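Only a predicted model underlies this, so the values are computations on that prediction, with no experimental measurement involved. So that the names make sense, note that chain A is the first sequence line, chain B the second, and so on, each numbered from 1.
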Amino acid sequence: MADSVITRYPPSPTGHPHVGGMRTALFNYLFAKKTGGKIILRFEDTDKSRSKKEFEESNFDALQWLKLSFDAIYKQSERTLIYKKYLGKMIAEGTAYLSSEETYISEGGEEEAEDEKGEHRERRSEVIRFKNPNKKVTFTDLVLGEITVDTSELKDFVIAKNLEEPLYHLAVVVDDFEMGITHVIRGVDGIYNTPRQILIQEAIGAPRPVYCHIPFVLGQDRAKLSKRNGSVPITEYRKLGFLPEALINYLALLGWHPGDDREIFTIEELIKEFELEKMQKAGAVFDVEKLRWINREHMKKLSEEDFKKGVLERLPENITALPGWSEERFSRFLPEIRDRISIFGDIEAMREAGEFNYIFDKPVFEIARILPAPKKEVHPDSKRIESHILRLIEELDRIPKEGFTKEGIKSALWEYATKEGRGEVLWPMRVALSGKEKSPDPFTLAAVLGKEETELRLKSAAERLHKLNE
RNA sequence: GGCGCCAUCGUCUAGCCUGGUUAGGACAGCGGCUUUUCAAGCCGUCAACCCGGGUUCAAAUCCCGGUGGCGUCACCA
């Protein structure tokens with residue numbers, strides 16, 4: 001057999017893809033790429049009643065979004081003939097047999113127990129069972145070590161409903177054999193499937209792949225991640241504005257460790273560093289906070305152009321329709337946005353907080369709010385504040401347009417602000433420019449707004465203060 | 001319940017194989033600094049070897065026994 005590695009990711013299209021599945025796909029992908037091997041995508045859709053085209057597509061989309069590519073794609077529903085061939089051979093050789101004992105479908109809420117009319121039905125079924133040799137199976141798992149299981153409890157388990165309708169175990173073993181799979185990397189729950197799959201392998205004369213069972217991704221309650229404890233479809237992360245490379249990075253760190261203190265990796269770096277031997281045995285709780293942090297780190301690496309594009313995609317229409325909107329002002333504001341968000345979805349929170357309104361429209365505020373909170377025994381009075389603002393306008397006016405940058409503005413005002421008391425000068429300046437209790441610092445604001453707009457806003461604030469004084 | 005897997009700060013983890021520094025890092029939290037705000041950044045800080053025995057001069061690490069958590073027991077995958 002070929003010694004080059006072939007792995008597979010076998011989702012069953014019975015639900016939307018989630019982080020657990022994607023992490024399994026990722027590990028298969030990393031291992032294949034690391035070893036210069038291949039990876040196969042195989043839809044396990046032998047259960048016709050539960051498999052849906054829609055889920056197949058969403059699995060596909062998620063994989064594509066994460067940029068996990070495959071060397072081949074199969075669908076089990078299109079391989080009936082192949083399974084039939086093996087089934088026939090097994091029956092002929094006596095490793096499987098037709099079983100026709102009477103079986104009653106229990107009514108315990110199973111959909112299968114009811115037909116279209118909603119009536120319970122009894123069914124006498126004939127199925128194909130595996131002739132269990134009832135022996136102990138021992139296999140070596142790459143992360144868990146040697147495992148021995150007595151398979152006699154499994155009895156003669158069913159491997160197909162009939163020659164045309166194979167069941168999971170049969171299909172998996174046949175496919176892994178036919179596709180030359182060398183490494184089976186899957187979640188730990190697959191550990192229970194391994195013994196019976198080995199039994200089938202031995203019956204059809206298939207070689208045993210290397211098994212690697214990776215620990216679960218857990219929810220906050222430490223149970224296997226599922227819808228009810230916080231699992232979210234992958235598409236949600238895209239909607240929330242996470243970067244695919246950040247999700248990849250985070251998922252890789254869930255159960256795997258590079259061996260040193262690095263935490264931020266590109267997919268290429270992961271491929272280079274990845275080793276199955278460094279897998280953790282225990283399950284790992286999925287923590288969105290850490291994901292957000294990793295996303296932030298990846299966002300820092302985005303080029304100005306890409307970041308701008310990402311922001312623009314999520315910026316509500318009405319922001320760009322604001323009277324003060326201009327490409328230039330937006331570009332000057334961009335670094336500030338990058339500082340304030342962890343995921344692109346945070347732009348929505350910025351919008352809600354009104355961060356864009358005062359940048360691209362006039363600030364709206366109660367003039368009394370321009371007075372800084374009293375510090376010590378010095379209480380600010382509005383006349384003094386007015387004179388500060390007037391003075392700021394003068395100083396600002398002396399700065400040439402090219403020098404109107406954060407640093408330029410700061411050095412122009414610093415001496416005066418320090419002499420008069422920074423709080424008493426800078427707080428009013430900031431409020432005059434933003435109208436907000438919270439905002440970026442006054443120098444940044446002035447630089448973003450530009451010389452003209454800054455002076456306009458300061459003048460307007462001074463006038464309102466003046467009226468307050470009369 | 002049977003069977004199986006697992007067990008280090010709140011979370012992700014390093015260290016375990018090949019016993020030997022104050023058990024290290026990151027996220028979160030807390031505190032401070034920075035341009036009286038916010039965010040970011042920087043600095044600092046908090047906090048863990050599941051329990052009980054044993055072996056040993058020495059145990060997170062080796063051995064035994066508990067406990068706990070999770071998973072699994074389909075004509076689903």
Side-chain angles (χ1 to χ4, degrees), chain A residues 10-15 44-47 49-51 76 99 103 105-106 108 110-112 123 125-129 141 143-145 147-150 153-154 157-162 165 167-169 171-172 187-193 195 213 215-216 218 220-224 250 253-264 278 280-294 296 300 335-342 346 350 353 355 372-375 406 410 413-414 417-418 421-427 429-431 434 436-444:
Chain A
S12 66
T14 54
E44 310 221 311
D45 53 354
T46 50
D47 186 341
S49 61
R50 294 205 307 151
S51 299
Q76 289 187 330
S99 146
T103 310
I105 305 294
S106 76
E110 302 285 320
E111 311 90 283
E112 290 87 351
R123 195 172 61 180
S125 58
E126 194 173 59
V127 295
I128 300 171
R129 288 180 183 274
D141 186 275
V143 335
L144 300 175
I147 293 170
T148 302
V149 180
D150 183 358
E153 290 169 26
L154 266 27
F157 55 92
V158 180
I159 55 173
K161 293 183 182 178
N162 55 57
E165 291 180 279
L167 254 22
Y168 171 71
H169 292 291
V172 166
V188 262
D189 45 347
I191 203 104
Y192 307 98
N193 300 330
H213 289 93
F216 285 128
L218 310 175
Q220 288 301 318
D221 57 0
R222 299 207 72 90
K224 180 182 172 184
Y250 179 66
L253 255 24
L254 231 44
W256 173 83
H257 193 275
D260 54 40
D261 286 342
R262 287 171 301 160
E263 295 202 283
I264 303 304
K278 285 180 181 161
Q280 192 78 10
K281 288 182 182 178
V285 174
F286 187 89
D287 179 18
V288 192
E289 278 308 318
K290 184 123 187 185
L291 208 208
R292 283 177 60 90
W293 175 76
I294 287 180
R296 187 169 173 47
K300 283 179 187 168
E336 201 56 33
I337 298 176
R338 191 176 324 220
D339 242 22
R340 303 176 99 80
I341 63 176
S342 294
D346 288 345
M350 281 187 75
E355 304 268 12
K375 205 177 190 185
K406 182 179 174 181
K410 183 177 173 182
L413 305 182
W414 194 242
T418 303
R422 291 171 202 166
E424 199 167 277
V425 178
L426 269 14
W427 172 278
M429 175 178 171
R430 201 182 55 71
V431 175
S434 68
K436 292 271 179 190
E437 294 282 342
K438 304 170 185 175
S439 81
D441 68 86
F443 310 113
T444 300

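Base pairing of B:A77: no nucleotide in any strand meets the Watson-Crick or G-U wobble criterion (both distances under 3.5 Å). Of all nucleotides present, none satisfies the Watson-Crick or G-U wobble test against B:A60 with each distance under 3.5 Å. For B:C9, there is no paired base (Watson-Crick or G-U wobble, both distances below 3.5 Å). Nucleotide B:C17 has no partner under the Watson-Crick or G-U criteria, as no pair reaches both atom distances under 3.5 Å. When Watson-Crick and G-U wobble pairs are counted only if both distances are under 3.5 Å, B:C42 pairs with B:G32. Across all strands shown, nothing is found opposite B:U37 as a Watson-Crick or G-U wobble partner with both distances under 3.5 Å. Pair assignment for B:G2 gives B:U72, based on Watson-Crick or G-U wobble hydrogen-bonding distances that are each under 3.5 Å. B:A48 is unpaired under the criterion used here, namely a Watson-Crick or G-U wobble arrangement in which both key atom distances are under 3.5 Å.
Scored by the ring-ring contact (aromatic ring centres under 6.0 Å, His included) test, A:Y250 finds A:F286 as partners (sequence neighbours excluded). A:Y192 pairs by the ring-ring contact (aromatic ring centres under 6.0 Å, His included) definition with nothing, not counting sequence neighbours. For the side chain to side chain contact (heavy atoms under 4.5 Å, CB included) test, residues two or more places apart in sequence or in another chain that qualify with A:A223 are A:D221, A:N229.
The separation between A:D221 atom CG and B:G68 atom P is 18 Å, rounded to whole Å. B:A74 atom C1' lies 13 Å from atom CZ of A:F157, rounded to whole Å. Between the OH atom of A:Y168 and the P atom of B:C73 there is a distance of 11 Å, rounded to whole Å. Atom-to-atom, CZ of A:R129 to P of B:A74 comes out at 12 Å; the value is rounded to the nearest Å. Between A:W256 atom CH2 and B:A26 atom C1' the separation is 14 Å, expressed in whole Å. Between the CD atom of A:E336 and the P atom of B:A39 there is a distance of 12 Å, rounded to whole Å. At whole-Å resolution of the value, CZ in A:R262 and P in B:G25 are 18 Å apart. Rounded to whole Å, the distance from NZ on A:K224 to C1' on B:A77 is 10 Å.
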Q. What string of B, S and - do you get for nucleotides 43-51 of chain B 5' to 3' if you count protein non-hydrogen atoms under 4.0 Å?
A. ---------

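Distances shown here put every side-chain N or O of A:R430 at or beyond 4.0 Å from the OP1 or OP2 atom of B:U37. Side-chain nitrogen and oxygen atoms of A:S49 include none within less than 4.0 Å of the OP1 or OP2 phosphate oxygen of B:C76. Using a 4.0 Å cut-off, no side-chain N or O of A:Q220 falls inside it from OP1 or OP2 of B:G10. Distances shorter than 4.0 Å separate some side-chain N or O of A:K300 from OP1 or OP2 on B:G41.
Among the nucleotides B:G41, B:U35, B:C76, the one closest to any side-chain atom of A:L167 is B:C76. Of the listed nucleotides (B:G71, B:U36, B:A77), B:G71 has the atom at the smallest distance from the side chain of A:D189.
Residue contacts shown for A:G259 are absent, as no nucleic acid heavy atom lies under 4.0 Å away. Using a 4.0 Å heavy-atom criterion, one finds that A:Y250 contacts no nucleic acid atom at all. Residue contacts shown for A:Q280 are limited to sugar-phosphate atoms, with no base heavy atom under 4.0 Å away. Residue contacts for A:H213: at a heavy-atom cut-off of 4.0 Å it reaches no nucleic acid atom on any strand shown. Contacts of A:T46 with the nucleic acid, taken as non-hydrogen atoms under 4.0 Å apart, involve only primed sugar atoms and P, OP1 or OP2.
When the P atom is used for both B:U61 and B:G19, the distance is 12 Å, rounded to whole Å. Comparing the C1' positions of B:G24 and B:C49 gives an interatomic distance of 13 Å, to the nearest angstrom.
Between the side chain of A:K436 and the backbone N or O of A:A353, at least one donor-acceptor pair lies under 3.5 Å. The closest donor-acceptor contact from the side chain of A:R422 to the backbone of A:W427 lies at 3.5 Å or more, if one exists at all. Although no hydrogens or angles enter the test, the distance criterion places no donor-acceptor pair under 3.5 Å between the side chain of A:R129 and the main chain of A:I159.
For B:U35, its base sits under 3.5 Å from the side chain of A:K406 at one donor and acceptor pair at least. The base of B:A77 sits within donor-acceptor range of the side chain of A:N193, with an N or O pair under 3.5 Å. For A:R222 against B:C70, no side-chain N or O and base N or O form a donor-acceptor pair under 3.5 Å.
In summary, A:E336 and A:K406 do not engage in a salt bridge, as defined by a charged side-chain N under 4.0 Å from a carboxylate O. For A:R292 and A:D346, the salt-bridge test passes: some basic side-chain N is under 4.0 Å from an acidic carboxylate O.
Closest heavy-atom contact between A:P258 and A:R262: CG-O, 3.6 Å.
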Which atom pairs link the protein and nucleotides 2-5 of chain B when you take only N or O atoms and keep those under 3.5 Å?
unit_1	atom_1	unit_2	atom_2	d
B:G4	N3	A:Y192	OH	3.4

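Within residues 287-294 of chain A, the residues approached by RNA chain B to less than 4.0 Å at the level of any non-hydrogen atom are A:D287, A:E289, A:K290, A:W293, in residue-number order.
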